[in-house]
Amino acid sequence: MSRIAVIIDDMFEDVEYSRPATAFKKAGHELIHVGLTEGKTIAGKKQGTTVTIDMAAEDASPDDFDALLIPGGYSPDKLRAHEAPVAFVRAFVETGKPVFFICHGAQLLITARVAEGRAMTGWTSIVQDIKNAGATYRDTSVVVDGNFVSSRHPGDLDDFIKASLDKLD
């Protein structure tokens, strides 16, 4: 089965992490949590879901993973302020392997400068950021564009999870 890197930091949107994580694990996939500091325990913004970082972004290689999950919330904004997570995301996208992102997850792709020419969706407040990055914004529950799978918000999770799992089969 697949090894999925989950790039994540404090204040992630709990359900945008927990529901896909549960579905991926149920399907037999392994999750490796990539963040700023190995061993640090982080928490979700609403429900306080805790996650321990397995690997620092500066030590992560896209070669070690089959897919990338970027949950939303404030986590992507926090991560994009640091070069290592941005460099990891940029390198991962360049591999052509699946990248799953929801809500504010597109912020990491925008900062990594890998959104141009792509179709995606995201949270309402970043629609203009997506367009300014040269991507085509689509207001729909899930957008699949090559190796990208994106959704707008927690209400889209069923479609997001199905499309993501389809990419892993």
Side-chain angles (χ1 to χ4, degrees), residues 2-13 16-17 20-21 24 29 31-37 42 53-153 156-157 159-169:
S2 298
R3 288 187 83 210
I4 302 169
V6 181
I7 192 149
I8 193 165
D9 197 26
D10 273 322
M11 304 292 287
F12 58 90
E13 187 69 47
E16 292 173 5
Y17 162 75
F24 293 155
H29 304 293
L31 301 181
I32 306 298
H33 302 94
V34 177
L36 297 175
T37 307
I42 59 171
I53 300 301
D54 299 308
M55 178 182 295
E58 63 191 12
D59 299 325
S61 169
D63 296 337
D64 296 332
F65 303 101
D66 303 299
L68 175 64
L69 171 64
I70 309 172
Y74 295 117
S75 171
D77 192 44
K78 293 171 78 99
L79 289 166
R80 71 182 182 157
H82 302 273
E83 181 52 36
V86 172
F88 175 73
V89 168
R90 183 182 309 112
F92 199 96
V93 169
E94 290 170 355
T95 70
K97 297 175 188 176
V99 179
F100 313 130
F101 55 102
I102 186 165
C103 198
H104 285 82
Q107 290 177 313
L108 262 171
L109 300 167
I110 291 166
T111 302
R113 305 183 85 139
V114 293
E116 186 172 359
R118 304 302 296 265
M120 63 181 66
T121 193
W123 185 250
T124 306
S125 66
I126 66 166
V127 169
Q128 194 58 51
D129 299 329
I130 290 169
K131 292 176 181 178
N132 289 346
T136 301
Y137 173 78
R138 295 196 181 135
D139 186 13
T140 186
S141 66
V142 68
V143 174
V144 178
D145 180 18
N147 60 323
F148 283 9
V149 175
S150 60
S151 284
R152 301 168 297 191
H153 51 69
D156 297 336
L157 278 167
D159 292 340
F160 177 73
I161 290 167
K162 182 185 181 318
S164 297
L165 286 170
D166 287 348
K167 283 284 184 191
L168 294 171
D169 290 338

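Note that the numbering runs from 1 along the sequence shown for the chain. Worth saying up front: this structure is predicted, and the values here are computed from it rather than measured.
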For the CH2 atom of W123 and the OG atom of S151, what is their distance to the nearest 0.5 Å? 12.5 Å
Can you find a pair of side-chain heavy atoms, one from L69 and one from I7, that are under 4.5 Å apart? no
Of all residues at least two apart in sequence or in a different chain, which pass the salt bridge (Lys or Arg N to Asp or Glu O under 4.0 Å) check with D145? R118
Student check: side-chain heavy atoms of I102 and H153 closer than 4.5 Å: no
Nearest 0.5 Å, please: how far is CG in D64 from CG in D59? 10.5 Å
With side chains defined as the heavy atoms from C-beta onward, is the minimum distance between P76 and H104 less than 4.5 Å? yes
Considering all heavy atoms of both residues, which atom of A60 and which atom of V34 are nearest to each other, and what is their separation? CB-CG1, 4.0 Å
All heavy atoms of A163 vs all of V144, minimum pair found to be CB-CG2, 4.0 Å
Are the side chains of V142 and S150 in contact, using a 4.5 Å heavy-atom criterion? no
How far does NE2 of H82 sit from CG of D9, to the nearest 0.5 angstrom? 7.0 Å
Donor-acceptor pair, side chain of K167 and main chain of V99, under 3.5 angstrom: no
To the nearest 0.5 Å, what is the distance between NZ (K97) and CG (D66)? 6.0 Å
Distance, nearest 0.5 Å, that separates CD1 of I8 from CG of D54: 10.5 Å
If you count every heavy atom of other residues, nucleotides or ligands that lies below 6.0 Å from Q128 atom CD, does the total exceed 12? yes
Measure the CD1-CD1 distance between I126 and I130 for me, rounded to the nearest 0.5 Å. 4.0 Å
Nearest atoms (heavy-atom pairs only) where F88 meets A5: CZ-CB, 4.0 Å
For D156 and S141, test the side chains for any donor-to-acceptor distance below 3.5 angstrom and give the result as yes or no. no
Mutual orientation of the aromatic rings belonging to F24 and F100 [parallel < 30°, tilted 30-60°, perpendicular > 60°]: tilted
R3 atom CZ, neighbour heavy-atom count above 12 within 6.0 Å: yes
Between K78 and D10, which heavy-atom pair has the shortest distance, and what is it? CD-O, 3.3 Å
E16 side chain to G72 backbone, donor-acceptor under 3.5 Å: yes
State whether the side chain of T136 and the backbone N or O of A119 hold a donor-acceptor pair below 3.5 Å, judged by distance alone. no
Measure the shortest side-chain to side-chain distance between L168 and H29 over non-hydrogen atoms and say whether it is less than 4.5 angstrom. yes
Evaluate the side-chain proximity of P85 to L36: yes if any heavy-atom separation is below 4.5 Å, no if none is. yes
List for me each residue that meets salt bridge (Lys or Arg N to Asp or Glu O under 4.0 Å) alongside D166, sequence neighbours excluded, and say none if there are none. K162
Full working for side chain to side chain contact (heavy atoms under 4.5 Å, CB included) between F65 and I4: CA-CA 6 Å; F65 303 101; I4 302 169; over 6 Å; no
Any idea which heavy atoms bring I53 and G35 closest together, and the distance? CG2-N, 3.4 Å
Shortest non-hydrogen separation from F160 to V149 and the atoms involved: CE1-O, 3.6 Å
F148-F101 aromatic ring centre distance below 6.0 Å: yes
Y17 and H33: CA distance, side-chain angles, deciding distance, ring-ring contact (aromatic ring centres under 6.0 Å, His included) verdict: CA-CA 11 Å; Y17 162 75; H33 302 94; 5.5 Å; yes
Could D139 and R152 be called an ion pair, given the rule that one side-chain N must be under 4.0 Å from one carboxylate O? yes
Just jot down the salt bridge (Lys or Arg N to Asp or Glu O under 4.0 Å) partners of R90, sequence neighbours excluded, or say none. E83
